[in-house]
Novice: 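First the structure, then my questions, so here it is.
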Amino acid sequence: MVNVKEPEFINVEFECPICGIEHSIKLTKEDFNRYIELRSQGKLIQDIFPNMSKVDREKFLSGYCEDCQKLIFGGI
């Protein structure tokens with residue numbers, strides 16, 4: 001029998017700096033560690049997380065919730 005290891009997840013929690021609403025993004029620990037490593041090398045978040053929505057990538061970078069992103073950036 002092959003023993004398959006399930007990925008470990010973490011919730012990265014944010015509070016929107018504009019409205020104060022709390023939200024989170026669920027990532028595998030592997031993805032989070034890869035983000036830390038690649039950002040320190042100057043990689044762009046869209047290259048690190050190409051499958052993450054642009055709304056979630058902005059949440060991850062700035063903490064802005066989806067509603068406040070719409071206020072700031074217009075239609076997303």
Novice: Enter the distance from Ile36:CD1 to Ile48:CD1 here, rounded to the nearest 0.5 Å.
Specialist: 9.0 Å
Novice: Quick check: is Phe49 connected to Leu38 through a chain of hydrophobic side chains (ILVMFWY, heavy atoms under 4.5 Å apart)?
Specialist: yes
Novice: In Å, rounded to the nearest 0.5 Å, how long is the span from CG of Leu61 to CD of Gln46?
Specialist: 8.5 Å
Novice: Heavy atoms only: give me the nearest Gln69-Glu58 pair and the separation to one decimal.
Specialist: OE1-CB, 3.3 Å
Novice: Listing request: all salt bridge (charged side-chain N to carboxylate O under 4.0 Å, His left out) pairs with a residue in residues 32-53, at least two apart in sequence or in separate chains.
Specialist: Asp31-Arg34
Novice: Would you say the side-chain atoms of His23 pair up with the backbone N or O of Lys59, donor to acceptor, closer than 3.5 Å?
Specialist: no
Novice: Could you tell me the separation between the OG atom of Ser62 and the CD1 atom of Ile18, rounded to the nearest 0.5 Å?
Specialist: 8.0 Å
Novice: Got a second to check how far Cys68's SG is from Phe73's CZ, nearest 0.5 Å?
Specialist: 10.5 Å
Novice: So which atom in Pro17 and which in Tyr64 form the shortest heavy-atom distance, rounded to 0.1 Å?
Specialist: CG-CE2, 3.4 Å
Novice: Please list all pairs meeting salt bridge (charged side-chain N to carboxylate O under 4.0 Å, His left out) that have one or both residues in residues 11-29, counting only residues at least two apart or in different chains.
Specialist: Glu8-Lys29
Novice: Within this structure, what is the SG-NZ distance for the pair Cys65 and Lys70, rounded to the nearest 0.5 Å?
Specialist: 9.5 Å
Novice: Nearest 0.5 angstrom please: Leu27 CG to Tyr35 OH, how far?
Specialist: 10.0 Å
Novice: Let me see the working for Phe14 and Ile21 under side chain to side chain contact (heavy atoms under 4.5 Å, CB included), right down to the final yes or no.
Specialist: CA-CA 8 Å; Phe14 308 91; Ile21 291 176; over 6 Å; no
Novice: Answer whether the closest heavy-atom distance between the side chains of Phe60 and Phe32 falls below 4.5 Å.
Specialist: yes
